[in-house]
Asks: 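Below you will find the structure I want to go over with you.
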Amino acid sequence: MLEIGTIIDGKYKILNKIGQGGMSIVYLAMNERANKQWAIKEVRKDGVQDFEVVQQGLIAETNILKKLNHPNLPSIIDVIDEEGRFLIVMDYIEGNTLEWTLEEEGTQPQDMVIEWAIQLCDVLGYLHSRVPPIIYRDMKPSNVMLRPDGTVVLFDFGTAREYKSGNAADTTCLGTRGYAAPEQYDAARQTDARTDIYCLGATMYHLLTGERPAVGQDYRIRRRNPALSTGLERIILKCTSPSPEDRYQTCAQLMYDLEHYQDLDIENTRQRKKKLTLFFATSALCLVCAGISLGTSLAQKSITANSYDSYMLEGEGSATEEEAAQAYAQAVSLEPGQPDAWMELLENVFLADDNLTSEEDQLMRQLLNESSSGNRKNEEIFAENTAAYEEFAYRMGLAYFYSYESSGNKSMSAKWLRIASESGSLEANMVERAEKLSQISEYYSRIGVANKYGDANTGYQDYWNDLVSLAMGNIAEADNVTTAMMVYKELIYQVYNHAADFRADGVSQKEMLDELEYVRQHLDSDIVIADDVNRDRNTELKERLYENLEQARRQVLAVFEARTEGGES
């Protein structure tokens, strides 16, 4: 340990000890000749096991920082390798870490966290733009210093690495459990810019909720604080997607959304759809007026039929999804009892990206509730076509269950699944699936909730049993390829997110791994991608499922390994 008043290298006078970690001590020093303060990190050989390994890491850290110049990064001024110790002289950063801020002040204001995240996006983007790119890999509140002026500084580059194009894996996979992305736990995979984006998302979650993230964390910030922005929650969920392909691909993309997070709020996105909504309303009004002017019901029927067909053709040939949505919506308004426009709008427009957004949901609701004929709602007229309506209900139930805002909304699926489960026209396997999905949707409101006697109403073991039952058999043959992959996606997602809960309720590691392998085998044997309009979408989904399967498998192994290390069997 350096003594106060010691002069280092003939110019740095030690003023005070300002910090200490597991391997090092940080001092405040003064260069009296330049009248400037610096921070000096000291690592002593006699205080660290495997000092040679630690020294190599320190040299790598300093070599990285020496090449950098950014206002949110510290500068390395000097490196002193003396007998018995290794000293790094760097900028002295006045302030406290965000970890200290959390401990002292609790959860941080939303606007403040967004401002910090924008600054961190900027510095991470700078690192990723180096040649070769530098991947930081250990973003967390304790590695971010908050200056008194509100700016932040990213420090501690001990786990950073230069990205090597073409490498299949990292030499070492380091990071902090909970904040680290799933790929950091897999030595066979290489981290990249999207890894840092995941870590930043986990850091934002911690700052906003006060809850330190864990492996398999549910990152819905509004679960902890409903007053937080829905747009910001969507950003964090995208940052922390288990699959790198589903995250923001660059920090520039993330920074843009952070700067415009209010535009992503549900209420604002609804407003952005107002023009299209008004178009629908205007179209409906024009159609009513046109109908009145026709004079006879026979002529009206003939012209309406022709218009319906023309709108269907217009939708099929539209250059954009918005144009297709407009055309199909007009067809629905003309003939709400005809199923084709309803199904095309749902399957080939709203679900073209396997994601039913809240805006698309609002438009569908508007069409269902619109009164087109004799003050009767479109849904009421459509329901008279029993077989078609029940098939639509089945598809709507699946859409809400699996695809609403990417991750699904089980409660919103309940109405439609109930209609499908009571169907007398759907095939037996579809009715059975609707019944199971409806039952599973109920778990979301019951799991973990105690009754008035303090007993849990439903356990994760029951939930597991129903998930397994739902995935049994050749779903692609019994239903279709897309439905099969949606079922597999749900099971994989739940294993990844609730492996610890399943384990705690008695589901064994072998059961989970065996079920994942069962899904893999059915992906191999049952999912044959047809050469049709859905070919590209289904191919991409199948490839993503294989990736997610591996992530879920690693998650199960990590959960059981963590419990074992913690003293549990």
Asks: Quick check against the 3.5 Å criterion: does Tyr136 have a side-chain atom that pairs as donor or acceptor with the backbone of Phe155?
Replies: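 Answer holds: yes.
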Asks: Are any side-chain N or O atoms of Thr240 and backbone N or O atoms of Ile236, one a donor and one an acceptor, separated by less than 3.5 Å?
Replies: yes
Asks: Is the ring pair Tyr219/Tyr198 parallel, tilted or perpendicular, if the boundaries are 30 and 60 degrees?
Replies: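 Perpendicular: the ring planes of Tyr219 and Tyr198 meet at over 60°.
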Asks: Taking side chain as C-beta onward, heavy atoms only, is Tyr27 less than 4.5 Å from Ile8?
Replies: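 No; the side chains remain at least 4.5 Å from each other.
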Asks: Leu254 and Cys239: which non-hydrogen atoms are nearest, and at how many Å?
Replies: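 Shortest heavy-atom separation between Leu254 and Cys239 comes out as CD1-SG, 3.6 Å.
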Asks: Looking only at the side chains, is there a donor atom on one of Asp122 and His70 sitting less than 3.5 Å from an acceptor on the other?
Replies: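 Yes, a side-chain donor-acceptor pair sits under 3.5 Å.
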Asks: What I want to check is whether the side chains of Glu547 and Gln551 have a donor and an acceptor closer together than 3.5 Å.
Replies: no
Asks: Are the side chains of Phe401 and Met412 in contact, using a 4.5 Å heavy-atom criterion?
Replies: no
Asks: Please round to the nearest 0.5 Å and tell me the distance separating atom OG1 of Thr151 and atom CD of Glu115.
Replies: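 Thr151 atom OG1 to Glu115 atom CD measures 9.5 Å (nearest 0.5 Å).
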Asks: Quick check against the 3.5 Å criterion: does Lys542 have a side-chain atom that pairs as donor or acceptor with the backbone of Ile527?
Replies: yes
Asks: Step by step, would you call Tyr488 with Asn548 a side-chain hydrogen bond (donor to acceptor under 3.5 Å, both in side chains)?
Replies: CA-CA 10 Å; Tyr488 299 148; Asn548 294 345; over 6 Å; no
Asks: Tell me the closest heavy-atom pair linking Leu258 and Ala117, and the distance in Å.
Replies: CD1-CB, 3.8 Å
Asks: Checking Thr195 side chain against Asp192 main chain: does a donor-acceptor pair fall under 3.5 Å?
Replies: yes
Asks: Given the rule in the side-chain contact (heavy atoms from CB on, under 4.5 Å) test, do Tyr12 and Ile7 qualify, once you have shown the distances and angles that lead to the verdict?
Replies: CA-CA 5 Å; Tyr12 302 111; Ile7 305 294; over 6 Å; no
Asks: For the residue pair Ile492 and Lys489, establish whether any side-chain heavy-atom pair is separated by less than 4.5 Å.
Replies: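 When only atoms from C-beta onward are counted, Lys489 and Ile492 do not touch, as no gap falls below 4.5 Å.
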Asks: Assess whether a salt bridge exists between Arg234 and Glu405, defined as any Lys/Arg side-chain N lying under 4.0 Å from an Asp/Glu carboxylate O.
Replies: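 Answer for the salt bridge query: yes.
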Asks: I need the minimum non-hydrogen distance between Cys251 and Cys121, along with the two atoms involved.
Replies: CB-O, 3.6 Å
Asks: With side-chain contact (heavy atoms from CB on, under 4.5 Å) as the criterion, how do Ile76 and Ile88 come out once you've worked through the C-alpha distance, each side chain's angles and the decisive distance to 0.1 Å?
Replies: CA-CA 7 Å; Ile76 294 290; Ile88 303 173; 3.4 Å; yes
Asks: Grab the two heavy atoms, one from Ala499 and one from Gln555, that are nearest each other, plus how far apart they are.
Replies: CB-CG, 4.4 Å
Asks: Please determine whether side-chain hydrogen bond (donor to acceptor under 3.5 Å, both in side chains) holds for the pair Ser229 and Gln110, giving the CA-CA distance in whole Å, both sets of side-chain angles, and the decisive distance to 0.1 Å.
Replies: CA-CA 8 Å; Ser229 159; Gln110 176 173 280; 4.8 Å; no
Asks: For Leu491 and Val519: C-alpha separation, side-chain torsions, deciding distance, then whether side-chain contact (heavy atoms from CB on, under 4.5 Å) applies.
Replies: CA-CA 9 Å; Leu491 188 142; Val519 169; 4.2 Å; yes
Asks: Count the heavy atoms of every other residue, nucleotide or ligand shown that sit under 6.0 Å from CD of Glu245, and state whether that count exceeds 12.
Replies: yes
Asks: Counting only N and O atoms by type, is there a donor-acceptor contact under 3.5 Å from the side chain of Glu515 to the main-chain atoms of Ala471?
Replies: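 The answer is no, because no donor-acceptor pair under 3.5 Å joins these two groups.
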Asks: For the side chain of Thr101 and the backbone of Thr97, is there at least one donor-acceptor N/O pair under 3.5 Å apart?
Replies: yes
Asks: I need the minimum non-hydrogen distance between Pro242 and Arg247, along with the two atoms involved.
Replies: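 Where Pro242 meets Arg247 most closely, the heavy atoms are O-NH2, 3.2 Å.
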Asks: With a 3.5 Å cut-off and no angle check, do the side chains of Gln184 and Arg137 form a donor-acceptor pair?
Replies: no
Asks: Which distance, rounded to the nearest 0.5 Å, do you find between the CG of Leu467 and the CG of Asp462?
Replies: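 It is 11.0 Å, given to the nearest 0.5 Å.
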Asks: Does some side-chain heavy atom of Val153 sit less than 4.5 Å from a side-chain heavy atom of Asp91?
Replies: no
Asks: Does a salt bridge link Asp149 with Arg147, judged by any charged N lying under 4.0 Å from a carboxylate O?
Replies: no
Asks: As an exercise, state the distance from CE of Met145 to CG of Leu98, rounded to the nearest 0.5 Å.
Replies: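 It is 9.5 Å, given to the nearest 0.5 Å.
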Asks: Is the count of non-hydrogen atoms from other residues, nucleotides or ligands lying under 6.0 Å from Arg220 atom CZ greater than 12?
Replies: no
Asks: Roughly how far, to the nearest 0.5 Å, is CG of Leu545 from CZ of Arg520?
Replies: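 Spacing of CZ (Arg520) from CG (Leu545) equals 10.5 Å.
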Asks: Is the closest side-chain donor-acceptor distance between Asp111 and Tyr261 under 3.5 Å?
Replies: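 Short answer, yes.
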Asks: If you define the side chain from C-beta out and look only at heavy atoms, does anything of Leu228 sit under 4.5 Å from Leu208?
Replies: yes
Asks: So Arg212 and Glu99, salt bridge (charged side-chain N to carboxylate O under 4.0 Å, His left out) or not? Walk me through it.
Replies: CA-CA 10 Å; Arg212 190 178 300 275; Glu99 177 82 11; 2.7 Å; yes
Asks: If you define the side chain from C-beta out and look only at heavy atoms, does anything of Tyr496 sit under 4.5 Å from Val556?
Replies: no
Asks: Once you round to the nearest 0.5 Å, how far does OG1 of Thr176 lie from CG of Asn143?
Replies: 6.5 Å
Asks: Hey, is the main chain of Lys36 close enough, under 3.5 Å, to the side chain of Asn31 for a donor-acceptor pair?
Replies: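 A pair under 3.5 Å: no.
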Asks: Return yes if some donor-acceptor pair links the side-chain N/O of Glu183 with the main-chain N/O of Thr191 below 3.5 Å, else return no.
Replies: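 Absent.
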Asks: For a quick test of your reading: what N or O donor-acceptor pairs under 3.5 Å do the side chains of residues 199-206 make, sequence neighbours left out?
Replies:
unit_1, atom_1, unit_2, atom_2, d
Thr203, OG1, Met139, O, 3.4
Thr203, OG1, Cys199, O, 2.9
Tyr205, OH, Glu211, OE2, 2.3
Tyr205, OH, Gln217, NE2, 3.1
Tyr205, OH, Arg223, NH2, 2.9
His206, ND1, Tyr179, OH, 2.6

Asks: Is a salt bridge present between Arg553 and Glu550, judged by a nitrogen-to-oxygen distance below 4.0 Å?
Replies: yes
Asks: For Tyr92 and Trp38, I'd like to know if the aromatic rings sit close, meaning centre-to-centre distance below 6.0 Å.
Replies: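 No; Trp38 has its ring centre 6.0 Å or more from that of Tyr92.
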Asks: Is there a side-chain contact between Pro133 and Leu127 (heavy atoms, below 4.5 Å)?
Replies: no
Asks: For a quick check under 3.5 Å, do Gln253 and Asp257 share a side-chain donor-acceptor pair by atom type?
Replies: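 Distance-only check fails for Gln253 and Asp257.
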Asks: Is it true that atom CG of Asp524 has more than 12 heavy atoms of other residues, nucleotides or ligands lying nearer than 6.0 Å?
Replies: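 More than 12 heavy atoms, drawn from other residues, nucleotides or ligands, come within 6.0 Å of this atom.
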Asks: Looking at every non-hydrogen atom in both residues, tell me the closest pair between Phe560 and Gln509 and how far apart they are.
Replies: CZ-N, 3.1 Å
Asks: Under a 4.0 Å N-O cut-off, is there an ion pair linking Arg194 with Asp196?
Replies: no
Asks: Taking Ser508's backbone N and O only, do any of them form a donor-acceptor pair with Glu511's side chain (distance below 3.5 Å, no angle check)?
Replies: yes
Asks: Within a strict 4.5 Å, meaning less than it, do heavy atoms of the Met90 and Ile77 side chains meet?
Replies: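 Not in contact.
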Asks: Determine, for Tyr126 and Arg130, whether the Lys NZ or Arg CZ falls below 6.0 Å from the six-membered ring centre while staying within 45 degrees of the axis.
Replies: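 Yes, Arg130 and Tyr126 form such a contact.
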Asks: Taking atom CG of Leu120 and atom CD1 of Ile197, what is their separation to the nearest 0.5 Å?
Replies: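 That separation rounds to 12.5 Å.
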Asks: When you check the side-chain N and O atoms of Asn355 and Tyr404, is any donor under 3.5 Å from an acceptor?
Replies: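 Looking only at side-chain atoms, Tyr404 and Asn355 do not form any donor-acceptor pair under 3.5 Å.
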Asks: Any salt bridge linking Glu42 with Lys17? Criterion: basic side-chain nitrogen under 4.0 Å from a carboxylate oxygen.
Replies: no
Asks: Parallel under 30°, tilted from 30 to 60°, perpendicular over 60°: which one fits the rings of Phe502 and His498?
Replies: perpendicular
